[in-house]
There are 2 protein chains.
Amino acid sequence: MPAQITEEQNRQAREELLDSAETLFYERGIQAVGMDQVRVASGLPLKRIYRLFATKEELVVAVLRRRDARWRGALTARVHAVPDARDRVLAVFDWLAEWFAEPGFRGCAWVNAFGELGSSSEAVLAEVRAHKDAFRDQVAGWVRAAGAPAAAEPVFLLAEGAIVTAGISGDPAAARHARTAAATLLGAH
Amino acid sequence: MPAQITEEQNRQAREELLDSAETLFYERGIQAVGMDQVRVASGLPLKRIYRLFATKEELVVAVLRRRDARWRGALTARVHAVPDARDRVLAVFDWLAEWFAEPGFRGCAWVNAFGELGSSSEAVLAEVRAHKDAFRDQVAGWVRAAGAPAAAEPVFLLAEGAIVTAGISGDPAAARHARTAAATLLGAH
DNA sequence: TTGCGTCGAGAACGATCGTTCTCTACCTTA
DNA sequence: TAAGGTAGAGAACGATCGTTCTCGACGCAA
């Protein structure tokens, strides 16, 4: 064991830290999780955690940013596996349905973060808005490619409504209803 | 001033307390507001606050419950002022648009509460679910009356999506987009 | 081998939280 | 008028928070 910590070790510790923090924050809420619980879950000394992220707020932002990349990346992969442009839009809701059915699904991490910190942390608010804008742009691109540009915003709103509703009610059926409505808005085939 | 507090005084103090707490909770978030700030804003002694509500959680639930009655009451009044069944459904989105444009609009108080306390307070979670179920039932009733029962859930999802989107982005335009989509889902006139 | 610098483990700090307690004043009733 | 009980004001309590500091251990350069 070297006395100096290598760059590679830092990257690995960073990932483990983000893994632990993301799980805890999503399960229990951000404010409900203390840095000491993050320390226990990650197995990293508090000192090391604070060397990687100067404040809890920075850690929260990093968690959200990495989750955004993974979440939208998975969505894109799933959608791009579908050839037909119209079916691609509907695949968004199929993907949402699977997400809703996952054990431990607790709604949208960004909406939850907004509810917790949107009014007290500018950095978190900016991260939440960046994620939503990016998601909206993705959806809009696929809807336009399906030849129904006017449906872009409504389809995005249906997705948002389904996510928040499934999160609160715990019922994944919202994805099905949103999918049907999206199909209607895209126009008859 | 009597030494004993009358029932009427208790009711009035309760309302003032709920007014102050609701404003603070909505503006800054529930966890971010201490009971001492509630005391200052309401002008009531801490002792009296705790005689009206045994815990902060009880106060939060009472705030949400009263807000639900007022919020859905205002919505109903606005919708019932419209005679045509189809226009009634669209009036929901007109009402939302006005709400979004109000200064200090910060999204859905129940969704925000869910994000903050949904995982740690059973009572708050139940209150949030009760509100969303009631709102969904209202919307569904109006949509069915407009002769498009299949559109009930999609219209509800559009409303939810518009609320959460307007809250995060700060842009009231979501109501307009949702309204247009709802009109389409209700069928051509 | 001897310092030097950085590490991990965990105590400690100051602030703040929800909640309760103390104490004084005053109204009510006999 | 005297006694009793309840009010308000605010200190106090114990817990917990994010963050920092202490301290002993250990790898590395000289």
Side-chain angles (χ1 to χ4, degrees), chain A residues 1-14 16-18 20-22 24-25 27-64 113 115-117 119-124, chain B residues 1-14 16-18 20-22 24-25 27-64 113 115-117 119-124:
Chain A
M1 192 86 92
Q4 297 260 44
I5 292 177
T6 69
E7 202 55 38
E8 171 56 29
Q9 281 174 323
N10 263 341
R11 288 199 307 121
Q12 183 176 344
R14 199 186 128 99
E16 284 166 5
L17 173 57
L18 290 174
S20 308
E22 182 176 353
L24 285 174
F25 290 162
E27 272 180 4
R28 312 185 197 170
I30 295 168
Q31 315 230 52
V33 173
M35 290 299 281
D36 211 62
Q37 301 177 53
V38 173
R39 173 187 64 82
V40 170
S42 66
L44 265 49
L46 225 35
K47 207 169 184 177
R48 192 123 173 249
I49 293 176
Y50 275 96
R51 218 179 305 130
L52 289 165
F53 300 99
T55 63
K56 185 183 185 181
E57 186 182 35
E58 279 188 26
L59 174 61
V60 171
V61 168
V63 163
L64 291 179
E116 284 200 84
L117 303 169
S119 52
S120 61
S121 165
E122 276 297 328
V124 169
Chain B
M1 194 88 90
Q4 297 260 45
I5 292 176
T6 69
E7 202 57 37
E8 171 57 29
Q9 282 174 319
N10 263 340
R11 287 200 307 124
Q12 183 176 344
R14 200 188 127 98
E16 285 166 3
L17 174 56
L18 291 174
S20 309
E22 182 177 353
L24 286 174
F25 290 162
E27 273 180 3
R28 312 184 198 171
I30 295 169
Q31 313 229 53
V33 173
M35 291 298 282
D36 211 61
Q37 301 178 55
V38 173
R39 173 187 65 83
V40 171
S42 67
L44 266 49
L46 225 36
K47 207 170 187 175
R48 191 124 174 246
I49 293 176
Y50 276 95
R51 218 180 304 130
L52 290 165
F53 301 98
T55 62
K56 186 183 185 181
E57 186 182 36
E58 278 188 26
L59 173 61
V60 171
V61 168
V63 163
L64 291 178
E116 283 200 84
L117 303 169
S119 52
S120 61
S121 165
E122 276 297 329
V124 169

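We name chains A, B, ... by the order of the sequence lines, and we start the count at 1 in each one.
Across the protein-nucleic acid pair, B:D36 atom CG and D:dG10 atom P stand 11 Å apart, rounded to whole Å. Between the P atom of C:dC17 and the CZ atom of B:R39 lies a distance of 12 Å, rounded to the nearest Å. We find that CZ of B:R48 is positioned 16 Å from P of D:dG10, with the value rounded to whole Å. Atom CD of A:Q37 and atom P of D:dC17 are 6 Å apart (whole Å). Atom CG of A:L24 and atom P of D:dC17 are 12 Å apart (whole Å). In this entry the distance linking OH of A:Y50 with C1' of C:dC7 reads 19 Å, nearest Å. A:L52 has its CG atom 15 Å from the C1' atom of D:dT19, to the nearest Å. Atom P of nucleotide D:dG18 and atom CZ of A:F53 are separated by 16 Å, given to the nearest angstrom.
For B:R51 and D:dA7, the shortest distance from a side-chain N or O to OP1 or OP2 is below 4.0 Å. At the phosphate of D:dG18, OP1 or OP2 sits under 4.0 Å from a side-chain N or O atom of A:K56.
In the interface, the side chain of A:K47 is paired with the base of D:dT22 through a donor and an acceptor atom under 3.5 Å apart.
The backbone N or O of A:G29 sits nowhere less than 3.5 Å from a side-chain atom of A:E116 that would complete a donor-acceptor pair. Between the side chain of B:S42 and the main chain of B:L17, no donor-acceptor pair closer than 3.5 Å is present.
The nucleotide whose nearest atom lies closest to any side-chain atom of B:P45 is, among C:dG8, D:dT19, D:dG8, D:dG8.
To the nearest 0.5 Å, atoms CG (A:L52) and CZ (A:R11) are separated by 12.5 Å. Rounded to the nearest 0.5 Å, atoms NZ (A:K56) and CD1 (A:I30) are 7.5 Å apart. Distance check: A:L44 CG to A:R14 CZ gives 12.5 Å after rounding to the nearest 0.5 Å.
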>> Base contacts versus sugar-phosphate-only contacts with protein, heavy atoms under 4.0 Å: please encode nucleotides 11-16 of chain C as B, S and - from 5' to 3'.
In response: ------
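For B:E58, the side chain to side chain donor-acceptor pair (under 3.5 Å) criterion is met by no residue, not counting sequence neighbours.
Within 4.0 Å of B:V33, counting heavy atoms only, lie sugar-phosphate atoms of the nucleic acid but no base atom.
Closest approach of B:A41 and B:S20 over heavy atoms only: O-OG, 3.4 Å.
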